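To keep things clear, I will list the structure first and then write my remarks on it.
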Amino acid sequence: WCDSIMGPWGRRLLKVGCAAALGGAGASYMYRQRLKDNKAITPADFHEQQGPIFQKLLALSCKEFTHQAAQGLIFYRFATCPYCGTVKAFLDYFSVPHTIVEVDPMMKTQIKPHGFGKVPQLKFPDGAIVVDSDEITQLLASKMGAKSNADMDQWRSWARLQLSRYIVLVLNQTLGDSVGAYSYIDDVQDVPSWSKMMLKAVGGPVMYMVAHYKTRKTLQQEYGFPPDADARAELFKQMDVWIASFKKGQSFHGGSQPDLADLDVYGVLLSARFVPLFEDIKSSTQAGDWLTQMETTLAKNTKQMA
Ligand SMILES: N[C@@H](CCC(=O)N[C@@H](CS)C(=O)NCC(=O)O)C(=O)O
């Protein structure tokens, strides 16, 4: 039947079509399952279930905290995760000694034993693990005596809720961009080659779909991003508004030194540092000098051990 109606090329096309449909359905099932697993436990419950070890961490004085942290914390992250970027900026700025563990984004092998499926995660020498960038940065800021205010909070929310999403849209404009955004993984050791391949073959297309059908919709429905507007132009415009919020003649939002808003905004932008977008923001918006000063300041302060 096939032979007479379709011929050999038709049959080949049919097979490729079926394989693509099966692959798509499989990826969609895995993605939904993963979201479900990620929601299985909240950060608050995860912290509570650690019991006294977590309560002890919260109760540490600034001096005791610095003493414990001096032994080195382990920071689990995906290099391109904007929330992980905020934690990295805080660790660097406050000179908290830390070692980075790059988590395999496909299999998440390195955090499986922890029982919490999302990064960032910060592990303390006594075994306590803090998850969620909001919780981690709040803990670090309070132990370092850094306070927020309403204006900073507004910019910090903008960074997490809007800026991070514009970056996702720009990084996933085409399917090629989505696959290319995972190129950083080639330089990561401890991730098996087959996982790297899967990440590009499956993770890339999934991120493309997420960006176009979820992220764009959220920006439109919740943050007034006009349909069919150019995400890159909007991102650049918003970066200029951020810089315009600085007091006249000051290098940072915080004045002569970065404040918590500077750290969060910079941290979110770190998610784009493996692709040309990061340098484009430097050269095509008012944010160039600020970005360079942030890089210099954090490089001077960092106590990254590996
Ligand atoms: N609200 C969390 C969000 C963290 C989050 O969504 N992390 C993503 C990476 S950007 C993640 O780990 N996703 C789990 C996965 O890929 O399965 C935070 O601020 O830390």
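When a ligand or atom number is given, it counts from 1 through the structure's own listing order. Since the structure is predicted, the reported quantities are computational estimates derived from the model, not experimental observations.
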One finds that the ligand 1 atoms under 4.0 Å from a non-hydrogen atom of Phe78 are 9 (C), 12 (O), 16 (O)
Tell me the contacting part of Lys118 for ligand 1: side chain, backbone, both, or neither, using a 4.0 Å heavy-atom threshold, strictly below. both
Near Gly117 (heavy-atom distance under 4.0 Å), the atoms of ligand 1 are 14 (C)
Trp242 and His253 aromatic centres sub-6.0 Å: yes
Numbered in order shown, the ligand 1 atoms found under 4.0 Å of a heavy atom of Cys81 are 9 (C), 10 (S)
According to a hydrophobic-cluster definition based on side-chain heavy atoms being under 4.5 Å apart (Ile, Leu, Val, Met, Phe, Trp, Tyr only), do Val210 and Met30 belong together? yes
Is any NZ, NE, NH1 or NH2 atom of the basic residue among Arg232 and Asp280 found under 4.0 Å from an Asp or Glu carboxylate oxygen of the other? yes
Numbering as shown, the atoms of ligand 1 that approach Arg34 to under 4.0 Å (heavy-atom distance): 15 (C), 16 (O), 17 (O)
Tell me whether the centres of the aromatic rings in Tyr213 and Tyr208 are closer together than 6.0 Å. no
Using heavy atoms and a 4.0 Å limit, tell me yes or no: is Glu135 in contact with ligand 1? no
Under 4.0 Å, heavy atoms only, figure out whether ligand 1 is touched by the backbone of Val131, its side chain, both or neither. neither
Just need the protein heavy atom nearest to atom 20 (O) of ligand 1, so name the residue and atom and give the distance. Ser133 N, 2.8 Å
Determine whether the aromatic ring centres of residues Tyr76 and His114 are separated by less than 6.0 angstrom. yes
Give a yes or no on whether the backbone of Asp45 and the side-chain of His47 come within a donor-acceptor separation of less than 3.5 Å. no
Taking N or O atoms only and a 3.5 Å limit, does Arg160 qualify as a polar contact for ligand 1? no
Are Met294 and Tyr93 packed together at the side-chain level, in the sense that at least one heavy-atom pair is separated by less than 4.5 angstrom? no
What atoms of ligand 1 come closer than 4.0 angstrom to any heavy atom of Pro120? 20 (O)
Starting from atom 2 (C) of ligand 1, find the nearest protein heavy-atom neighbour and note its residue, name and distance. Asp132 OD2, 3.4 Å
When you measure from atom 14 (C) of ligand 1 to every protein heavy atom, which one gives the shortest distance, and what is it? Asn38 ND2, 3.3 Å
Please tell me if the side chains of Leu260 and Asp153 come closer than 4.5 Å, counting only heavy atoms from C-beta onward. no
Below 4.0 angstrom, N of the basic side chain to O of the carboxylate: do Lys108 and Asp104 qualify? no
Shortest protein contact, atom 3 (C) of ligand 1 (heavy atom only): Tyr83 CD1, 3.8 Å
Under 3.5 Å: N/O of Asp134 near N/O of ligand 1: no
Below 3.5 angstrom, do we get any N/O pair linking Val119 and ligand 1? yes
Lys196 bridged to Asp186 by N-O distance under 4.0 Å: no
